[in-house]
Amino acid sequence: MERHYTLYRIFKRLLLWVLPFAFVGWITGHFWLSISLSLACALLWNYLFLHRLNMWLWQSRTMLPPHAPGMWSDIYDGIYRTLRRAQIKRRQLAVLLQRFRQAAEAMPDASMVLQRNGNIEWTNKLAQIYFGLRWPADKGIQVTNLIRDPRFKKYFEKGEFDEPFTLNSPQGDDRELELRVMTYSEDELLLIARDVTQLRKLERMRKDFVANVSHELKTPLTVMNGYLEMMDSPTKLPPEMLDKAVHDMSLQTQRMQKMVNQLLLLSRMESQMQDNFTKRVEVGAVLRQILNEMRPLFTDKDIYLDAHIDENLHVWGNEEKLHAACSNLLTNAIKYTPPNGQITLRWHKVGPFAEFSVADTGNGIAHEHIPRLTERFYRVDKDRNSATGGTGLGLSIVKHALEHHRTYLQVESRIGQGSRFWFRLAPELLSQPD
Ligand code: ADP
């Protein structure tokens, strides 16, 4: 309820107060004395409530106004209501600020509120971790003192923040950070830092992959193109060379076909959802099938096979992937073992684990190559057109297939003596035969 105290109303009240005194004064013959007395009382009365108002506003701890009659009660009420409204507004603002801070903490990015001159006003936890801030001790320091890269100083001082700024983590770890600065309020800026290490790594991998595939395809295509040009005119390709041309071209076509098939398999494996291991794989039967398919390769090179397969050792998993892992390891063993060598294959229990291992008497692999063997297109023998005709994709397929079964490939090798590749499946994946 609003109360309007017009000058007229105030004057009317004063008149109503003075009139009785004037009347008594007129009767008693002390007219002016009586009027003065009434005005002095009115003044005192108002000073008393002015004093109370002052005490309430500056000394009292309570928000409730003191009791007052008449006009002063309305004034106290008016002030009280204004104070309450301000208090409610302040609370709402505090809640809003709290929510903003909670949201900023929950963000996966580091954020900082800066003054226009670069002084840090506020940061979330992640920013303190990324930039090694001690909070609140570092409050107010210059952002360019924190991020000491001269390029960032230039970028910040220029004040054009349309493009993001990328820098290596000032903490000295391998993280790559992408910074974005935007206007937050009239004299404040918001700095957001995002960890883009993984993104950049993926970008590099994609570029490397495209470069590698193009490089791999270049050799066979050049060979085939050369022969096709020669076939154009019979003078350039004598009939006795035709057999060799057809043989070479078919070899290169097979290599390309193999590579495309392996790439397709890899991409299929990557896109497959994680299995929940509800399918039982009879690994013994899978291995027998692989060995049957590879029998001609063994006989061609006169390689002796020593196979120890536990036919009752079944596991929960993905048959296609286990097949791919075992057959690639066995193919490599045959490929890299000279004629008359020996390959020992084992599928058996080792403690609570199921272990698959292939050992050969090949040339072995130098120590420094071993950690990189499962990288795509990585080959110890750099000659892409080597006699083995390898693509460098076999072991990355193995790695993928094993990651799916929550395990990894292990290798031990000695130059001139041979290599052993093996992996172990966890006891939870073992299944008892019916
Ligand atoms: P590739 O198609 O070239 O065989 P892989 O990914 O299967 O590709 O193998 C990567 C490299 O690891 C091969 O180029 C080869 O140099 C080496 N390698 C793999 N298995 C063996 C092995 N049993 N003995 C010796 N070297 C091996």
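Along the sequence shown, the residues carry numbers beginning at 1. Counting starts at 1 for both ligands and their atoms, following the listed order.
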Can I get a per-line list of side-chain donor-acceptor pairs under 3.5 Å for residues 84-100, giving both atom names and the distance, sequence neighbours left out?
from  : atom 1 : to    : atom 2 : distance (Å)
Arg84 : NH1    : Gln87 : OE1    : 2.9

Where ligand 1 meets Leu393 - atom numbers and elements under 4.0 angstrom, heavy-atom basis: 6 (O), 8 (O)
Hey, does Lys335 sit under 4.0 Å from ligand 1 if you only count heavy atoms? yes
Return the orientation label for the Phe49 and Trp72 ring planes: parallel under 30°, perpendicular over 60°, tilted otherwise. parallel
Would Thr391 count as a contact residue for ligand 1, given that I'm defining contact as a non-hydrogen atom of the residue lying under 4.0 Å from a ligand atom? yes
Is Gly394 close to ligand 1, meaning an N/O of one under 3.5 Å from an N/O of the other? yes
Taking both backbone and side-chain atoms of Leu395, is any N or O found less than 3.5 Å from an N or O belonging to ligand 1? yes
Counting only N and O atoms by type, is there a donor-acceptor contact under 3.5 Å from the side chain of Arg379 to the main-chain atoms of Gly390? yes
Phe156/Phe165 aromatic ring centres below 6.0 Å: no
Is there at least one pair of N or O atoms, one from Tyr336 and one from ligand 1, spaced under 3.5 Å apart? yes
Compute the shortest N/O to N/O distance between Asp360 and ligand 1 and return yes if it is under 3.5 Å, no if not. yes
Where does Tyr378 meet ligand 1, judged by heavy-atom distances below 4.0 Å: at the side chain, the backbone, both, or neither? backbone
Side-chain donor-acceptor contact under 3.5 Å, Asn312 with His314: no
Quick check: Ile365 and ligand 1, any N/O pair under 3.5 Å apart? no
Using a strict cut-off of less than 4.0 Å between a Lys/Arg side-chain nitrogen and an Asp/Glu carboxylate oxygen, indicate whether Asp248 and Lys244 qualify as a salt bridge. yes
Flag the pair Arg116 and Asp187 as a salt bridge only when some basic side-chain nitrogen lies within less than 4.0 angstrom of an acidic carboxylate oxygen. no
In ligand 1, which numbered atoms sit nearer than 4.0 Å to a non-hydrogen atom of Gly390? 1 (P), 2 (O), 3 (O)
Non-hydrogen atom of Gly392 closer than 4.0 Å to ligand 1: yes
For Ser419, the ligand 1 atoms whose distance to one of its heavy atoms is below 4.0 Å: 24 (N)
Could you list the atoms of ligand 1 found under 4.0 angstrom from a heavy atom of Arg379? 3 (O), 14 (O)
Checking Gln342 against Asp360: is there a side-chain donor and acceptor pair closer than 3.5 Å? no
Carboxylate-amine/guanidinium contact Arg420 Glu412, below 4.0 Å: yes
